[in-house]
Amino acid sequence: MAKNVLRFAPSPNGFLHLGHALSALVTWKAAELLDGTAYLRIEDIDVQRCKPEFTQAIIEDLHWLGLDWPEPVLVQSERFDIYADAANRLRNMDLLYPCFCSRADIAAAADGSDPDGAPLYPGTCRHLSNAERIERLERGDPVQFRLDTEAATERTGMLTYSVIGPTLNDRPQIRYARPQRWGDVVLQRKDTPTSYHLSVVVDDAAQGVTHVTRGRDLEAATDIHVLLQMLLGVSTPIYHFHRLLLGDDGEKLAKSKGSPSLRDLRAEGWTPEDVRRAVGVFP
Ligand code: GLU
């Protein structure tokens, strides 16, 4: 039987906090239950916000928690060409179009909101003529590239995927993906030839990931991932969405909201066992 492969894929734009510890511990726990291997992946496509010192800290904090992984660690910022190739494949299928809208344009024209609560892109630039596209590209207008989600779903037909949950011991259930609710998502951003959605799908496939363990905050985004997997002809992993740790304000923990980092807790004398107890995941 093929080996089960899992991954923990943090973005090094800050120090890990208890929410990340929960995600990492769930991933290694799932690997243990599935007799699989957990990999570390560094999701640093946002080269402005991600810093090598945070990557180093992630590695140290995970080792402190007692987790390890096979080398080499996949680092997304080393793979921009590979993501651009995947985008080109979608472009050759006529599923990618240039969008010149600014944030303000989108906010003004938005047609409701996406599952994350962001303004839903109304598809303005989908209707530009080829001549206009060429002219604006040649002029060097800031551009991002969007998936024509409707054309893409017409091509794939109905999409389903398997979810294990709420606990890791539950049987997988089949779920429908509904990418249409995201509208035409950006696959190549203005500042980079990729996006979270595109890179995560390309890399899950490249690493042979069989089971994706991620927080419930990324549950809805999985719709887009399942669509991209089908378009790119790669297999869809099984998903498990774990609970989120909430702060006193009822919102998910975040460095930006002052949630203590694992290193802060460690400096206060916490042990890895204290972390496990706090997040409720045991070997
Ligand atoms: N890099 C993403 C994050 O830090 C998680 C990746 C994923 O599970 O898709 O939220």
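This chain uses plain numbering: 1 for the first residue, then up along the sequence. Keep in mind that what you see is a predicted model, and the values were worked out from it rather than measured. Remember, it's 1-based here, ligands and their atoms both numbered in the order they're listed.
- In this structure, of Glu43, Arg41, Arg214, the residue bringing a heavy atom nearest to atom 6 (C) of ligand 1 is Glu43.
- Ring geometry, His63 versus Trp69: the interplanar angle falls under 30°, so the pair is classed parallel (tilted spans 30 to 60°).
- Using 4.0 Å as the threshold, His20 has no heavy atom nearer than that to any atom of ligand 1.
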Verdict with reasoning, His17 to Arg263, per side chain to side chain donor-acceptor pair (under 3.5 Å): CA-CA 8 Å; His17 53 60; Arg263 8 200 80 205; over 6 Å; no

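- For Gln207 and Arg7, the side-chain atoms include no donor-acceptor pair closer than 3.5 Å.
- Ring pair His240/His242 is tilted by interplanar angle, where 30° to 60° counts as tilted.
- Among protein heavy atoms, atom 9 (O) of ligand 1 sits closest to Tyr196 OH, 2.6 Å.
- Looking only at protein heavy atoms, the nearest one to atom 5 (C) of ligand 1 is Ala9 O, 3.5 Å.
- With ligand atoms numbered from 1 in the order given, ligand 1 contributes 9 (O) to contacts under 4.0 Å with heavy atoms of Val200.
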Check the pair Arg49 / Asp44 against salt bridge (charged side-chain N to carboxylate O under 4.0 Å, His left out), numbers first and verdict last. CA-CA 8 Å; Arg49 291 175 60 221; Asp44 59 348; over 6 Å; no

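- Set against the non-hydrogen atoms of Ser11, the atoms of ligand 1 under 4.0 Å away are 1 (N), 4 (O).
- Ionic pairing of Asp114 and Arg181 is not present here: no N-O contact between side-chain nitrogen and carboxylate oxygen is shorter than 4.0 angstrom.
- Considering backbone and side-chain N/O atoms, Leu218 never comes within less than 3.5 Å of an N/O atom of ligand 1.
- At a heavy-atom distance under 4.0 Å, no atom of Val212 approaches ligand 1.
- Checking only distances, Arg7 does come within under 3.5 Å of ligand 1, N or O to N or O.
- With respect to the salt-bridge test (charged N to carboxylate O, under 4.0 angstrom), the residues Glu135 and Arg139 qualify.
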